[in-house]
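As structure tokens, the structure follows; a few thoughts come after it.
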There are 2 protein chains.
Amino acid sequence: MIEAEPDREGGDRGGVKAATTAAAVLKGLAALGGRASLAALAGQLRAHPSKLHRYLKSLAAEGLVARDPLSQAYLLGPEAILVGLAAMRQSDPIRAAEPALLRLRDTLGATAFLAVPGNRGPTVVRLEEPDDPVVVNIRPGFVLSILWSATGRALLAASADARLHAQAREELAAAPARRRALLPEDEPIAAIVREVRAAGGIATVRDLYLDGVSAAAAPIFDFTGAVRAILTVLGPTGRFPIDPEGPVVTALRREAEAVSRGLGWRPVEAAHARPEAPRPPPRGIAALPLGSPREGRPAARETEGEPR
Amino acid sequence: MIEAEPDREGGDRGGVKAATTAAAVLKGLAALGGRASLAALAGQLRAHPSKLHRYLKSLAAEGLVARDPLSQAYLLGPEAILVGLAAMRQSDPIRAAEPALLRLRDTLGATAFLAVPGNRGPTVVRLEEPDDPVVVNIRPGFVLSILWSATGRALLAASADARLHAQAREELAAAPARRRALLPEDEPIAAIVREVRAAGGIATVRDLYLDGVSAAAAPIFDFTGAVRAILTVLGPTGRFPIDPEGPVVTALRREAEAVSRGLGWRPVEAAHARPEAPRPPPRGIAALPLGSPREGRPAARETEGEPR
DNA sequence: GAGGATAGTTGCACAGCGCGCAATCGCAAT
DNA sequence: ATTGCGATTGCGCGCTGTGCAACTATCCTC
């Protein structure tokens with residue numbers, strides 16, 4: 001029970017180190033575009049070519065990795081496709097966003113909800129309220145306005161769906177003058193889209209959809225880059241600052257990005273890095289067992305083991 | 001140097017066993033639809049839950065595996081999607097078919113070539129000829145007839161592309177009566193498609209495109225089920241039997257299926273099996289280190305070790 | 001055609017780690 | 001509270017992963 005602290009960095013306690021390495025190999029191969037020479041992979045992962053060779057051999061025997069007969073380069077194999085397809089099938093924005101909803105509710109003390117693009121507009125599917133919620137009649141199943149809600153605006157700006165844009169025009173045409181007056185004067189739809197995109201895709205709204213309520217909404221993308229959901233937080237206008245660099249928008253942006261990542265989305269659509277490794281000497285003593293989450297390890301163990 | 005034979009089955013000599021296991025875990029999870037309980041996976045892979053648990057823990061730390069917070073089931077994670085996408089990017093019918101071309105050439109002594117669906121029809125991209133080839137003027141870059149070649153027919157029957165079918169009608173309309181007479185009388189296109197599909201997608205042709213030459217062609221699919229290429233073998237009509245169960249068609253079918261598999265295609269579009277494991281007791285003594293290539297191990301070691 | 005550089009592969013030996021077992025924990029149903 | 005199923009983890013034996021260096025294969029240079 002005492003247990004001093006044998007490992008100063010228990011990233012994988014009780015796991016299988018070789019499995020971690022195997023995973024890093026697959027990810028490294030994917031990061032290189034799905035195709036790489038042994039040396040390039042060794043550079044990417046900072047591991048001995050001989051070590052990688054053995055892993056690749058086993059992964060190849062399982063069909064996750066294949067080889068180009070000519071260039072004898074390693075590439076991801078057919079089984080990797082099947083694994084990927086199964087993974088995509090599991091890609092579920094509602095499940096992925098659940099923890100984010102809870103965190104936003106707790107850290108901001110705000111009402112947080114998730115909406116998905118439905119055929120009638122953004123539809124609320126999950127809602128988390130703090131102990132002391134602002135009174136809103138939003139419930140799961142509720143369909144929000146496209147133009148007069150932060151959620152709808154975030155969706156509109158992120159989506160290229162023609163039907164959605166047509167719905168926005170209908171909504172605008174059907175709106176009474178009093179509501180219409182709350183929007184920009186000329187080309188209100190284009191103006192809203194421009195504004196939201198200028199804010200990095202995050203839509204903010206104050207006393208618009210509901211008086212006394214401010215809201216911020218961010219889109220959630222999947223691995224194809226398509227909008228799969230919108231994450232929204234809202235609170236009383238007085239105590240809920242929605243400035244671009246404020247805590248609310250910052251937290252929302254961070255959470256939305258994390259959820260998107262959980263769906264396989266990658267920031268700049270540049271999932272695979274440079275084809276070759278422009279790095280320090282790949283060979284040598286460096287021998288990271290893995291190397292995925294954080295880069296740059298403080299030091300590599302020398303040949304003689306330190307007394308610890 | 002003597003080395004009796006410590007391993008009676010060296011499927012992975014010089015590899016990393018744990019990497020093989022990790023690969024099997026990913027594949028097993030994919031086979032279960034990308035989502036499974038620990039016990040279900042243990043049943044699928046015939047391994048101890050404790051063992052799997054450690055692998056899954058490490059794979060989860062790398063993002064290849066995720067967990068459902070509620071059901072605490074294991075599911076394939078976002079990194080698996082990225083790996084799969086990179087693998088799909090590598091999916092290349094020309095590279096994948098190369099070995100098949102060589103094998104067909106050697107085992108059948110036939111000319112074998114690969115064509116891809118081009119905008120002007122099936123286009124030859126790779127051609128392998130035996131030492132003593134039949135004389136044909138087919139070369140890479142050559143565009144084949146849709147209706148009067150086995151290659152074209154196999155493509156037509158496998159493809160739902162409207163443009164291709166339109167091209168087939170144009171070809172038919174433009175053909176002189178003499179060539180037209182070689183085809184079925186009424187609704188020749190539909191008849192050809194029906195005939196090829198009845199033969200399991202394999203098109204055979206005798207003295208049609210070229211006199212004295214028989215050919216058989218089979219489509220190659222990718223992971224989406226789309227036709228990516230057509231594999232064709234041909235030889236002199238006298239010494240090249242193209243009956244449905246003959247050696248030529250059998251070998252062609254086998255090779256085409258293998259290539260398709262190499263592109264991530266799966267026979268019946270039923271890549272993932274039953275959700276639960278309808279198998280013998282998952283737990284117990286059975287402890288396969290892996291379990292991918294061949295199934296059914298002869299026996300499991302009992303609790304008391306036999307003297308061997 | 002010889003020589004050499006580059007990249008991939010493998011034998012070896014030590015110690016680090018995987019894994020079967022069983023005890024424990026967590027959760028839900030009764 | 002009790003029961004039971006499933007997930008998790010400490011333990012310790014001995015299998016196996018790994019750095020190193022020798023070896024091989026392939027391509028380029030002279």
Side-chain angles (χ1 to χ4, degrees), chain A residues 1-3 6-7 10 12-22 24-25 36-43 45-58 60 65 67-74 276-277 281-290 300-305 308, chain B residues 1-3 6-7 10 12-22 24-25 36-43 45-60 65 67-74 276-277 281-290 300-305:
Chain A
M1 274 53 173
I2 311 170
E3 189 181 79
D7 51 323
D12 200 30
R13 270 254 318 166
V16 178
K17 214 160 127 190
T20 306
T21 307
V25 170
S37 67
L38 183 60
L41 238 191
L45 298 170
R46 311 289 198 79
H48 280 143
S50 71
K51 176 178 176 177
L52 284 182
H53 172 69
R54 292 175 233 249
Y55 278 90
L56 289 165
K57 192 171 186 177
S58 292
V65 164
R67 304 203 61 170
D68 189 329
L70 288 81
S71 67
Q72 72 176 358
Y74 292 93
E276 208 60 20
R283 50 174 47 254
I285 304 95
L288 307 201
L290 46 142
R301 25 187 164 109
E302 209 49 44
T303 306
E304 67 275 15
R308 177 199 291 269
Chain B
M1 274 55 173
I2 312 170
E3 189 182 78
D7 53 324
D12 199 30
R13 271 254 318 167
V16 178
K17 214 159 125 191
T20 307
T21 307
V25 170
S37 68
L38 183 60
L41 237 192
L45 298 171
R46 312 290 196 79
H48 280 144
S50 71
K51 175 176 175 177
L52 285 181
H53 173 69
R54 290 173 233 250
Y55 278 90
L56 289 164
K57 192 171 186 176
S58 291
L59 293 174
V65 164
R67 304 202 60 171
D68 189 329
L70 288 81
S71 68
Q72 69 176 357
Y74 292 93
E276 208 60 20
R283 51 172 45 256
I285 306 92
L288 307 200
L290 46 141
R301 18 184 169 119
E302 209 49 44
T303 306
E304 66 276 10

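Chain A is the first sequence line, chain B the second, and so forth, proteins listed ahead of strands; every chain is numbered from 1.
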Which atom pair, heavy atoms only, marks the closest approach of [X] to [Y]?
| X | Y | result |
| --- | --- | --- |
| B:Ala18 | A:Val16 | CB-CG1, 4.3 Å |
| A:Ala19 | B:Leu59 | O-CD2, 4.0 Å |
| B:Leu45 | B:Ala24 | CD2-O, 3.5 Å |
| B:Leu52 | B:Leu41 | CD1-C, 3.6 Å |

Just the table, please: protein N/O against nucleotides 8-10 of chain C N/O, every pair under 3.5 Å.
unit_1 : atom_1 : unit_2  : atom_2 : d
C:dG8  : OP1    : A:Leu38 : N      : 3.0
C:dG8  : OP2    : A:Ala39 : N      : 3.2
C:dT9  : OP1    : A:Arg67 : NH1    : 2.6
C:dT9  : OP2    : A:His53 : ND1    : 2.8
C:dT9  : OP2    : A:Tyr74 : OH     : 2.6
C:dT10 : OP2    : A:Lys57 : NZ     : 3.2

Original post:
Are side-chain heavy atoms of B:Gln72 and B:Leu38 found at a separation under 4.5 Å?
Top reply: no
Original post:
Heavy-atom distance under 4.5 Å between the side chains of A:His53 and A:Tyr74, does that happen here?
Top reply: yes
**OP:** Name the residue closer to the 5' end of DNA chain D, choosing between A:Leu70 and A:Ala18 according to the nucleotide with the nearest heavy atom.
**Re:** A:Ala18
Original post:
Would you say a side-chain N or O of B:His48 is under 4.0 Å from OP1 or OP2 of C:dC19?
Top reply: no
Original post:
Counting only side-chain N and O atoms of A:Tyr55, is one of them less than 4.0 Å from OP1 or OP2 of D:dG17?
Top reply: no
Subject >> Whole angstrom value for the distance that separates P of D:dT18 from NZ of A:Lys17 >> reply: 7 Å
Subject >> Contacts of B:Tyr55 that satisfy side chain to side chain donor-acceptor pair (under 3.5 Å) - sequence neighbours left out >> reply: none
Original post:
If you fit an axis to the five pairs at each end of the helix from C:dG1-D:dC30 to C:dT30-D:dA1, how big is the angle between those two axes, to 10 degrees?
Top reply: 50°
